[in-house]
Student: 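Here it is, the structure, as structure tokens.
Here the structure is a predicted model, which means the values were calculated and not measured.
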Number of protein chains: 4
Amino acid sequence: MGRKQTFTETELLDMTKKLVLEHGYDGFHLKLLSQHLSGARSTIYQYYANKEEIVAACMKRVIANVLEHASAVDESDPLKALEELLLIYVEEAALHQLLGDASKINTSNSTAAARDLEFIEDAHQTLKNQLSRLFERAQQDKSLRQDIPLPVLIGVFFNLFNTPNMMNLPTADWGRLLFQTWIGGAKS
Amino acid sequence: MGRKQTFTETELLDMTKKLVLEHGYDGFHLKLLSQHLSGARSTIYQYYANKEEIVAACMKRVIANVLEHASAVDESDPLKALEELLLIYVEEAALHQLLGDASKINTSNSTAAARDLEFIEDAHQTLKNQLSRLFERAQQDKSLRQDIPLPVLIGVFFNLFNTPNMMNLPTADWGRLLFQTWIGGAKS
Amino acid sequence: MGRKQTFTETELLDMTKKLVLEHGYDGFHLKLLSQHLSGARSTIYQYYANKEEIVAACMKRVIANVLEHASAVDESDPLKALEELLLIYVEEAALHQLLGDASKINTSNSTAAARDLEFIEDAHQTLKNQLSRLFERAQQDKSLRQDIPLPVLIGVFFNLFNTPNMMNLPTADWGRLLFQTWIGGAKS
Amino acid sequence: MGRKQTFTETELLDMTKKLVLEHGYDGFHLKLLSQHLSGARSTIYQYYANKEEIVAACMKRVIANVLEHASAVDESDPLKALEELLLIYVEEAALHQLLGDASKINTSNSTAAARDLEFIEDAHQTLKNQLSRLFERAQQDKSLRQDIPLPVLIGVFFNLFNTPNMMNLPTADWGRLLFQTWIGGAKS
DNA sequence: TATGAATGAGACTTCATTCAT
DNA sequence: AATGAATGAAGTCTCATTCAT
């Protein structure tokens, strides 16, 4: 019954992700979104009550996906686990940038957005805990150098994800190179 | 001389920089700006013809400052020069983020903004050339490992600047630690 | 016979009356209406072509009902007739308020609404004529005081209907008390 | 300094009152308002942050005015005081209707509107207290008939204000006639 | 017949920019 | 030179109504 949908919810969230990354949270408009979908602007409101809910749902989906993959990582060897995680994060390089915008979402208008945001924060914490755990174990294993404070090593590792893949290598290769650079250093 | 000075051009650009970094290009409004200055919103138009010119002038000033420092670096020892440059860039960590927003400036309204943007692009190219030059020389000196493609090493180096200084170390110390991590790697 | 009956026309008009009284004509939406019925919003259009027709039909039904009762009143004793009419009007206290909204209905879209509205106006006039007739006869009978202009007595009588029944008395009792107050006055 | 205003705050509130009475709260639009003022719609936002604040400010001004006059009434003779109050209320016949709309104002968006609404409720209570006080004293003085419950007398009195002045008498005369009708009754 | 989906018109609100004092 | 006031363009959102299943 009813008409056929002009765009699916998945298409909507995919496009939202693309546009938020391209234009930033404040540069993201529903007009822009509707121009990149097949339907009219007002149709979007059939699915989400307001702009905030759209962006929150989009971010939730991204981080939920990362969380799922990260939870499946075998943590028995810390360094190996870190490399695997790096691959996951590089695959979803947008994560960081999106999370940076998450704090801009005004949740006073929408309980749905507030709920999504809470999920996002919980997931974020879970991911950070996992990394902390692995880093600490790696340090106890003496796998990491001791002359650099752990927060610096972690910070640089974290920041690695954002490195633009200008050579357009497959993410698996790209991630492995980044890990090699991070672990082994640049000097010969 | 007429009315009392409300705010200087420097104050205006400083506040613009702060607010653009805080809110992103699209989240930056003249209303916001005037709220953080002592005068009225319309007074801003005594200095700049429109929003685009303000942001362009702000970015130009930032990159001109970096360019000046970077030009003064002694390039005789490539690795040493890179470390010095890293310090400069870390000092002006906002540079990257601001440059990312530069492309959003719509120059069709303002020749002044267009001129500033051109300057910015030239300066950006100059800085990139300097880095390429140094990296190439470092590689020829066999100071850098050969098993990782040069673009990867450069990319990671570049990305280093954005690492948030969560320990709030003095920038000189922070920059040195970043360099050590980058050059020597994380493993013990 | 096809799908299950969702809501009857009577339910639709009853709910319309309730909601128009609660929210006023401009605060009455089809969305609101459908939320208080069992079916979908679009199903309403199986019964009426547009919002105006619904409200017009609702008002017509109300005034037709009052008209029917008022026509049956025995007018031989003017004062007695007025008391009986008061009971009828108090029973349908909403009438006044609804008639006040009738003028807001835009009939340019719908001939059906225009026809209903015409009926409403005719009925309204009929009711007013009945009251005028009774009042005039009552005055000729010297049943009413002469020092107050007749329009004032009529106006106060008319306005009586809207008095909120805050003690929640049965309408018959409530109406009788109102009539006593009107006819006998407040002083001891 | 600055341009000359196109309309004053008083003009704005006067017109708001007129239009809210004419169209009801839900039928009142800023577009409508601006069409009845000299300026553009957006200019209104220089003075009030949103629609709710405008209506709240309008109602506050009306009730504050009534409160001021009602407070000045000499209450030594209850019936005389009631007659004087009736005149005041008839003069501001809109009060009741406006107060009915007051509950529709959504204050979640605006603290200013919430504050005004609180004032309105306090003032409303003060006025109701004054009437209750006078009615009770009038009853103790045996000035009012005992066979009708006091709430009915009060209710009818209250409702008197809304009687449309169809003969267009000066309000003083009109009020006196209403009072005479109420106190003495309709019968000869 | 009933309805989910689509949509344009219209209302609210913000903001860059201009104007006039 | 500084600014309060004015304004139109643009974005958010709601709703009556239509469409197609």
Side-chain angles (χ1 to χ4, degrees), chain A residues 1-7 26-34 37-54 106 109-110, chain B residues 1-7 26 28-34 38-54 106 109, chain C residues 1-7 26 28-34 38-54 106 109, chain D residues 1-7 26-34 37-54 109:
Chain A
M1 223 170 317
R3 260 205 272 197
K4 212 167 36 185
Q5 288 184 216
T6 53
F7 52 80
D26 289 286
F28 172 76
H29 306 307
L30 289 205
K31 190 181 177 189
L32 191 66
L33 179 55
S34 72
L37 293 172
S38 43
R41 200 178 349 170
S42 58
T43 304
I44 297 172
Y45 289 89
Q46 296 263 346
Y47 301 93
Y48 294 96
N50 50 49
K51 185 179 153 178
E52 283 74 34
E53 285 192 12
I54 298 173
N106 172 12
N109 287 326
S110 162
Chain B
M1 29 164 158
R3 219 65 57 82
K4 84 171 191 306
Q5 188 74 12
T6 49
F7 49 79
D26 289 285
F28 171 77
H29 306 307
L30 290 206
K31 193 181 180 187
L32 190 68
L33 179 56
S34 73
S38 45
R41 192 165 16 153
S42 51
T43 305
I44 296 172
Y45 288 85
Q46 305 281 341
Y47 296 84
Y48 295 98
N50 51 51
K51 186 180 158 181
E52 283 74 34
E53 285 191 13
I54 299 171
N106 172 12
N109 287 325
Chain C
M1 30 166 157
R3 219 64 57 81
K4 85 172 190 306
Q5 189 74 10
T6 48
F7 49 79
D26 288 286
F28 170 77
H29 306 306
L30 291 206
K31 194 182 179 185
L32 190 67
L33 178 56
S34 73
S38 44
R41 189 164 20 149
S42 52
T43 305
I44 296 172
Y45 288 87
Q46 304 281 342
Y47 296 83
Y48 295 98
N50 52 50
K51 184 180 158 181
E52 282 74 33
E53 286 190 13
I54 299 172
N106 173 11
N109 287 326
Chain D
M1 222 170 318
R3 260 205 271 197
K4 213 169 34 186
Q5 288 184 217
T6 53
F7 52 80
D26 289 287
F28 172 77
H29 305 307
L30 288 206
K31 190 182 177 187
L32 191 67
L33 179 55
S34 72
L37 294 173
S38 43
R41 198 178 351 169
S42 58
T43 305
I44 297 171
Y45 288 89
Q46 296 263 346
Y47 301 92
Y48 294 96
N50 49 50
K51 185 179 154 179
E52 283 74 34
E53 285 191 14
I54 298 172
N109 287 327

Student: Regarding A:Thr43, tell me which of base, sugar-phosphate or nothing describes its non-hydrogen contacts under 4.0 Å with the strands shown.
Tutor: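 Since a base atom lies under 4.0 Å of A:Thr43, the category is base.
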
Student: Please write out the pairs of protein N or O atoms and N or O atoms of nucleotides 18-20 of chain F separated by less than 3.5 Å, giving the distance to one decimal.
Tutor:
from	atom 1	to	atom 2	distance (Å)
F:dC19	O2	A:Arg3	NE	3.2

Student: Under a 3.5 Å cut-off on both pairing distances, which runs of 3 or more consecutive Watson-Crick or G-U pairs involve DNA chain F?
Tutor: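 Listed by first number, the stems are E:2-21 with F:2-21.
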
Student: If only side-chain N and O atoms of A:His29 are considered, is one of them under 4.0 Å from the OP1 or OP2 phosphate oxygen of F:dA10?
Tutor: no

Student: Which residues pass the side-chain hydrogen bond (donor to acceptor under 3.5 Å, both in side chains) test with B:Asn106, not counting sequence neighbours?
Tutor: B:Ser108

Student: So how far is it from C:Ile44 CD1 to C:Ile54 CD1, rounded to the nearest 0.5 Å?
Tutor: 5.5 Å

Student: Could you list the residues that satisfy side-chain hydrogen bond (donor to acceptor under 3.5 Å, both in side chains) with D:Asn109, not counting sequence neighbours?
Tutor: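 None.
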
Student: D:Gln5: what forms a side-chain hydrogen bond (donor to acceptor under 3.5 Å, both in side chains) with it, not counting sequence neighbours?
Tutor: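 D:Gln5 satisfies side-chain hydrogen bond (donor to acceptor under 3.5 Å, both in side chains) with D:Tyr47 only.
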
Student: Please name all residues satisfying side-chain hydrogen bond (donor to acceptor under 3.5 Å, both in side chains) with A:Ser110, sequence neighbours left out, ordered by chain then number.
Tutor: A:Glu53

Student: Measure NZ/A:Lys51 against P/E:dC12 and give the value in whole Å, please.
Tutor: 21 Å

Student: Measure distances between side-chain N and O atoms of B:Gln46 and base N and O atoms of F:dA1, and say whether any donor-acceptor pair falls under 3.5 Å.
Tutor: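 A donor-acceptor contact between them is absent.
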
Student: Applying a 4.0 Å non-hydrogen cut-off, can you work out what D:Tyr47 is touching in the nucleic acid: base, sugar-phosphate, or nothing?
Tutor: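 Sugar-phosphate contact only.
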
Student: Report the residue (D:Asn50 or A:Ser38) whose heavy-atom-nearest nucleotide on DNA chain E is the more 5′ of the two.
Tutor: A:Ser38

Student: When you measure from the side chain of C:Thr6 to the backbone of C:Ser38, do you find a donor-acceptor pair of N or O atoms at a distance under 3.5 Å?
Tutor: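 No, C:Thr6 side chain to C:Ser38 backbone: no donor-acceptor pair under 3.5 Å.
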
